[in-house]
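Just below is one structure, and these are the notes that go with it.
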Number of protein chains: 2
Amino acid sequence: MSTPRFIIIKNFIEDKINAGEFTPGDRVPSENELCQQFSVSRMTARRALQSLNDEGLLIRTPGLGSFVAKHRPISTLLEVRNIADEVHERGNSYSAKIITMTEVEATSQQAAMLNVAAGAILYHSVIVHFEEEIPVQWEDRLVNPALAADYLLQDFNTITPNAYLSKVAPLTEASHKIEATLVDQTIASKLHIDTRSPCLQISRRTWSAAGIVSIATLIHPGDRYCLGGHWKI
Amino acid sequence: MSTPRFIIIKNFIEDKINAGEFTPGDRVPSENELCQQFSVSRMTARRALQSLNDEGLLIRTPGLGSFVAKHRPISTLLEVRNIADEVHERGNSYSAKIITMTEVEATSQQAAMLNVAAGAILYHSVIVHFEEEIPVQWEDRLVNPALAADYLLQDFNTITPNAYLSKVAPLTEASHKIEATLVDQTIASKLHIDTRSPCLQISRRTWSAAGIVSIATLIHPGDRYCLGGHWKI
DNA sequence: TGTATATGGTTGTATATACAACTAGAATTT
DNA sequence: AAATTCTAGTTGTATATACAACCATATACA
C-alpha cells in the first residue's frame, strides 16, 4: 500500500479546488458519492473530507454537505518560505549579493546554535536580497567551516546562496518573529536607505546538517510583504 | 449524547498539558490505555489523540507512542483576541477612552460592511486603548444606530466598550493584516506621538448582530506586541 | 561476546455496521 | 392555501475487527 487511499481522495479534491473546478461555495462530492467513485468504505471517504475540513479548505454541514470554504486559513500564509520563490511568483527579478565575509570567533550564543565550542572559528557573511534591484532582505549568515567548506568555495555569481543551501541540506529549524521596528543604523547606512524605513519580520533558520544559521530581516516592506488572515464565524 | 466522548478525552489530555502535568517530550497515554481508562473503543481514543496531533500539540510516532510536542503551533498565537484581556494577562492596567463620536453618512464601502443603504446615518466613534496610560491601540468604530441604539446610550465610564460588545453580540467576522507601517498623521497628532512610531497590525472586526464594525490599528508596538512561531523539522 | 530472531506494544490504514442529528423538499393533512 | 408530517440524503458519533508497519527489548543462537 504505497499512498493511503484517503490521501488519494484528499488530493483529488484539493487539486480540483486549486485548479478552480470547485470554487468557494461549491458543494464537493458527499461521503457516499466518494465511496462509490473510489470503491472505499464510508470511513475512508469521510477521512479525506474531514481532513480537508480540519485544514480549513472545506466547511461541512450536517444535512447539507461539504462545501469549499470561502476563506483560506491563515496558517498557509505563514509557511517557511524562500524569498527568491516569493519574488519570482510575483514575476519580478530577484538577485542577491554577498556584501561581507569575515572570520569570527563564536560567541556562546552562536556556538549553541551551531553546536560548536564557544570561541570556535566561524564565517560570518552578510547577504542582501533584491527584488527589482530594491533591497528587501538583509541576511546574516553564520557558517561552520568544518561542515560547510563547500559553501565557502561556491561561486555565488552562478548560483544564488539560497539555491545552493536548499540543494545541499534540508532546513531543520525555523523561527519567525513578526514585529514592526525601524531598520537599524548598520543596515540603513550600508544600503543607503532611510532609518525611517519600517521592517517587518525577523526570521532565524538553521540548516544543522550544513552547519549554517541564517538571521534574516525583511526590510522596506509594503503591501507585498504583509501577512493577513480572514475569519468568518 | 451531550459532549462527544472523544472530545472529553481530548480535553482531558489538553488540560493536563496546559496544567503542566504533561510537559513537552512526555509520553501521553497510548490508545489502548485510553480505551481502558475511558471504556471506549480504540477508534474513539485514537480520534482524540489524532485530533491533538493535527493541532500540533502531540507528535505521534509508530512503534513508540504519542508525545507532547516541544513547540507550540503558530496558529494559536494568531487568534482573534481582545486587547483588554491581553493587557490584563500581562498584569498591566487597561483603560479606554472615546475621543470622538460623530454622525456620518455611510459611504458605499461602509454601507456594504454593515449591510445598510449607502448614505444611511451611522455613528462614527474613535476609541483609544491604553496600557499603563500609554496608547497602544487606535480604533475606529462604525455603529448602525438602528441596531445599536443601546450602544450609544452606554456609560463607558462604568463598562469598557469591548466588554459591552462581547456581552451584547457575538463577533461574526474578523480579518487581520499584519504590516509594518508608520502611524498616520491623524493618529500621531491626536495622541501626541512621533510620526516615526511603527505600527504593526490592522484588524477589522464585525459584530453583524449589533450593527458594529471596528477597524483597529495597533500602535507603538514593542516586544510585547510581536507575533512569532517556531518550527523544528 | 556478538548477531539474529522473536515478541509485545505502539501507531497507521481500512472495512462493515449502527444509530443520531440535521436539512431540504416532497407528500400529506388540515 | 397553509400548516404539518414524512422521507431521502447528509454529516456526526461510536463500536468491533483485521492486518500492516514500526520500535525497543528480550530471547535464542552462533
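Numbers restart at 1 for each chain; the letters A, B, ... are given by sequence-line order, proteins then strands.
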Less than 3.5 Å apart, which donor and acceptor atoms pair up between the side chains of residues 6-17 of chain A and the rest of the protein, not counting sequence neighbours?
| from | atom 1 | to | atom 2 | distance (Å) |
| --- | --- | --- | --- | --- |
| A/K10 | NZ | A/S51 | OG | 3.0 |
| A/K10 | NZ | A/E55 | OE2 | 2.6 |
| A/N11 | ND2 | A/I7 | O | 3.4 |

Counting only heavy atoms not in B/E33 (residues, nucleotides, ligands), do more than 12 fall under 6.0 Å from its CD?
yes
Would you mind reading off the distance between B/I8 atom CD1 and D/dT13 atom P, rounded to a whole angstrom?
12 Å
Nearest heavy-atom neighbours spanning A/R5 and A/S39
NH1-O, 3.4 Å
Calculate the interatomic distance between A/F67 atom CZ and C/dC22 atom P; express it in whole Å.
17 Å
Atom pair distance, as rounded to whole Å: CZ in B/F38 and P in D/dT15:
13 Å
Phosphate OP1/OP2 of D/dT15 contacted by B/T44 side-chain N/O (<4.0 Å)
yes
I'd like a list of close polar pairs between nucleotides 10-12 of chain D and the protein, N/O only, cut-off under 3.5 Å.
| from | atom 1 | to | atom 2 | distance (Å) |
| --- | --- | --- | --- | --- |
| D/dT10 | O2 | A/G63 | N | 3.2 |
| D/dT11 | OP1 | A/S66 | OG | 3.1 |
| D/dT11 | OP2 | A/E31 | N | 3.0 |
| D/dG12 | OP2 | A/R46 | NH1 | 3.2 |
| D/dG12 | OP2 | A/R46 | NH2 | 3.3 |
| D/dG12 | OP2 | A/R60 | NE | 3.1 |
| D/dG12 | OP2 | A/R60 | NH2 | 2.6 |
| D/dG12 | N7 | A/R42 | NH2 | 2.8 |
| D/dG12 | O6 | A/R42 | NH1 | 2.9 |

A/K10 NZ to C/dA14 P: how many Å, rounded?
13 Å
Rounding to a whole Å, what distance do you find between B/L34:CG and C/dG9:C1'?
14 Å
For A/Q37, look at atom CD and say whether over 12 heavy atoms of other residues, nucleotides or ligands are found less than 6.0 Å away.
yes
For a side-chain contact (heavy atoms from CB on, under 4.5 Å) check, start with the C-alpha distance between A/L142 and A/V104, then their side-chain angles and the critical distance, and finish with the verdict.
CA-CA 9 Å; A/L142 275 179; A/V104 296; 4.3 Å; yes
Answer for the Watson-Crick or wobble partner of C/dT5, both distances under 3.5 Å, is D/dA26
Rounded to whole Å, how long is the line connecting atom CG of B/L58 with atom C1' of C/dT10?
14 Å
Mind calculating the distance between CE (A/M43) and C1' (C/dC19) to the nearest angstrom?
13 Å
Which residues share a salt bridge (charged side-chain N to carboxylate O under 4.0 Å, His left out) with B/R47, sequence neighbours left out:
none
